[in-house]
Amino acid sequence: MSTTNGQWYPPEWPERIRLLSVGELTPVTPRRAATVLLLRDGPVGRDGDGDRGGEPAPENLAAAPEAAGAPEGAEAPVEGVRDGAGGPGGPAVYMLRRRASMAFAGGAYAYPGGSVDPRDERMVTWAGPSRAQWARRLGLDPGEATQAQAIVCAAVRETFEEAGVLLAGPTPHTVVADTTGDDWEADRAALVARDLSFAEFLDRRGLVLRSDLLGCWARWITPEFEPRRYDTWFFVAALPRGQRTRNASTEADRTVWIRPGDAADGYDRGELLMLPPTIATLRQLRAHGSVAEALAAAADRDLTPVLAQARVENGELVLSWPGHDEFTKRIPGATGGSST
């Protein structure tokens, strides 16, 4: 189905929504997942450009980012990301474009993230709020502290796997300054291949997971009519001082640092394809002038899960996301009845 903006809306959805509405489709149980909106004050542009890169015109964004597997380049260390004053247009967010061949949301811009690995529940050396505090913040039952750790670990692990950025350090108050080099790449590849658990990785390197560097921003659940479903927590985090992003994901063909407002404008023009939670979080972020402001705002964010609803209304199928009217879709005649 066509759309005037960049909302991802595959052609098979109307039939799946119809089957769900008449009770002929059984929803699958969503897998827990985590994704991270990695933020920095300072330059925007192609991943790896650093101070060499200017801000690409939003209409040319699709042609600007580096291809997957490109060298990291000479991106300069970002100074003071935690306490910086921001820049014109506020902080930049790190985004990747999913390969068109991907079965789910191919071609869409997204953030680093992925499913929780059952081994993410293994005990790790931990800094920041306790696991029980994280369970309460994530909206889990009081007895799910171990599951809360798994979600936080998944957020940190996936950011390292897909962007080469690691929110961990040798002490509870430090962060690794450099994750480049063959030894780091070998560990990252082993994590991706699931040959190495995240707990083993941290233990072997003597690292502490810095849960205090994360703020939870939102929670979205994939619609019930989708065959691949995820219960996803969206986190925000600052790019650690000295670390550099790179496209380390086999699922992405391009990456970019971009202002949330510019990305949202590209979506509105139909130039950047995105899923509802991606564009929703970008619109929310554009209100904050710096990374510090966004991180502070995360503490008060409402984490009520957003789950799409499909219903029949006057012969139409109506797809809506509570609290996000811009994503509502009406499909006339899809039920075989009269449309309005």
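Note that these values count all heavy atoms, side chains included, but never hydrogens, waters or copies made by symmetry. Sequence positions, counted from 1, serve as the residue numbers for this chain.
- Inter-residue side-chain proximity for L319 and T328 is flagged as unmet; no heavy-atom pair is nearer than 4.5 Å.
- Taking every heavy atom of both residues into account, V236 and A294 meet most closely at CG2-O, 4.5 Å.
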* Report the C-alpha separation of W220 and L275 in whole Å, then their side-chain angles, then the decisive distance to 0.1 Å, and conclude whether the side-chain contact (heavy atoms from CB on, under 4.5 Å) test is met. => CA-CA 11 Å; W220 288 66; L275 276 69; over 6 Å; no
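- Not less than 6.0 angstrom separates the ring centroid of W217 from the ring centroid of F234.
- In terms of hydrophobic clustering, with Ile, Leu, Val, Met, Phe, Trp and Tyr side chains grouped at heavy-atom distances under 4.5 Å, L317 and L19 are assigned to a common cluster.
- Remark: side-chain polar atoms of D41 are not paired, donor with acceptor, to backbone N or O of S290 under 3.5 angstrom.
- Although no hydrogens or angles enter the test, the distance criterion places no donor-acceptor pair under 3.5 Å between the side chain of D141 and the main chain of G143.
- Annotation: side chain to side chain donor-acceptor pair (under 3.5 Å) contacts of E161 (sequence neighbours excluded): R157, R194.
- Atom-to-atom distance recorded for R210:CZ and L167:CG is 9.0 Å, nearest 0.5 angstrom.
- With no hydrogens or angles considered, a side-chain donor-acceptor pair links T281 and Y111 at under 3.5 Å.
- When all heavy atoms of L303 and A218 are compared, the pair lying nearest together is CD2-N, 3.5 Å.
- Remark: D187 CG to D195 CG distance equals 11.0 Å, nearest 0.5 Å.
- Residue V318 is not grouped with residue L25 when hydrophobic side chains (ILVMFWY) are merged at heavy-atom distances under 4.5 angstrom, including chains of intermediate members.
- Residues V116 and I221 do not share a hydrophobic cluster, defined by chaining ILVMFWY side chains whose heavy atoms lie under 4.5 Å apart.
- Side chain of R16 to backbone of F225: a donor-acceptor contact under 3.5 angstrom is found.
- R31 pairs by the side chain to side chain contact (heavy atoms under 4.5 Å, CB included) definition with S115, Y230, not counting sequence neighbours.
- With rounding to the nearest 0.5 angstrom, the CG atom of D325 is 10.0 Å from the CZ atom of F327.
- In this structure, R40 is positioned above the aromatic face of W257, its NZ or CZ under 6.0 Å from the six-membered ring centre and within 45° of the axis.
- Between the side chain of E293 and the main chain of G289, a donor-acceptor pair closer than 3.5 Å is present.
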* Decide yes or no on side-chain contact (heavy atoms from CB on, under 4.5 Å) for F235 and I151, but give the supporting numbers first. => CA-CA 10 Å; F235 294 86; I151 293 166; 3.9 Å; yes
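- Proximity of a side-chain donor or acceptor of S211 to a complementary backbone N or O of A127 within less than 3.5 Å is detected.
- When only modelled atom types and interatomic distance are considered, Q309 and W321 share no side-chain donor-acceptor pair under 3.5 Å.
- For the pair W126/V152, a side-chain contact is recorded, criterion being any heavy-atom separation below 4.5 Å from C-beta on.
- For F198, the ring-ring contact (aromatic ring centres under 6.0 Å, His included) criterion is met by F201, not counting sequence neighbours.
- The side-chain heavy atoms of L202 and V208, taken from C-beta on, include no pair separated by under 4.5 Å.
- Here the rule is side chain to side chain contact (heavy atoms under 4.5 Å, CB included) with M95, and of L37, L282, L272, T255 only L282 fits it.
- Contact check for Y94 versus L39: no side-chain heavy atoms found under the 4.5 Å cut-off.
- The side-chain hydrogen bond (donor to acceptor under 3.5 Å, both in side chains) test with R219 is passed by exactly one of T232, T304, D231, D302: D231.
- Looking at heavy atoms from C-beta onward, T125 lies out of side-chain contact with L207 at the 4.5 angstrom threshold.
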* To do: Might you work through the side-chain contact (heavy atoms from CB on, under 4.5 Å) test for F160 and V165, ending with a clear yes or no?
  => CA-CA 5 Å; F160 180 57; V165 171; over 6 Å; no
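- Of all heavy-atom pairs spanning A308 and P223, the tightest one is CB-CG, 3.7 Å.
- Note that the CD atom of Q147 and the SG atom of C153 stand 12.0 Å from one another [nearest 0.5 Å].
- By the side chain to side chain donor-acceptor pair (under 3.5 Å) test, Q149 pairs with R131, sequence neighbours left out.
- The CG atom of L214 sits 9.0 Å away from the CG atom of L295 when rounded to the nearest 0.5 Å.
- Side chains of V36 and E158 form no contact here, defined as non-hydrogen atoms less than 4.5 Å apart.
- Side-chain atoms of E226 and W13, non-hydrogen and from C-beta on, do get closer than 4.5 Å to each other.
- The two residues A199 and R122 make their nearest non-hydrogen contact at CB-CB, 3.8 Å.
- Applying the side chain to side chain contact (heavy atoms under 4.5 Å, CB included) test to A264 and every residue at least two apart in sequence or in another chain returns I279, R283, R286.
- Going from atom CD of E121 over to atom OG of S197 covers 12.0 Å, rounded to the nearest 0.5 Å.
- Listed for the Q243 side chain is a donor-acceptor partner under 3.5 Å among the backbone atoms of L166.
- Side-chain contact between L196 and R204: present, with at least one pair of heavy atoms (C-beta onward) separated by less than 4.5 Å.
- With hydrogens and angles left out, the side-chain atoms of R301 and Q284 include a donor and acceptor closer than 3.5 Å.
- Across all their heavy atoms, R98 and A110 have their closest contact at CD-CB, 4.5 Å.
- Between W134 and P129, the closest heavy-atom pair is CD1-O, 3.4 Å.
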* To do: Starting from the C-alpha separation in whole Å, work towards a yes-or-no answer on side-chain contact (heavy atoms from CB on, under 4.5 Å) for L38 and T245.
  => CA-CA 10 Å; L38 198 60; T245 54; 3.7 Å; yes
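- For residues 173-186, the pairs satisfying salt bridge (charged side-chain N to carboxylate O under 4.0 Å, His left out) are D183-R205, E185-R188, E185-R246, with sequence neighbours left out.
- The closest donor-acceptor contact from the side chain of R229 to the backbone of T222 lies under 3.5 Å.
- The pair R269-E271 meets the salt-bridge criterion, with a side-chain N (NZ, NE, NH1 or NH2) lying under 4.0 Å from an Asp/Glu carboxylate O.
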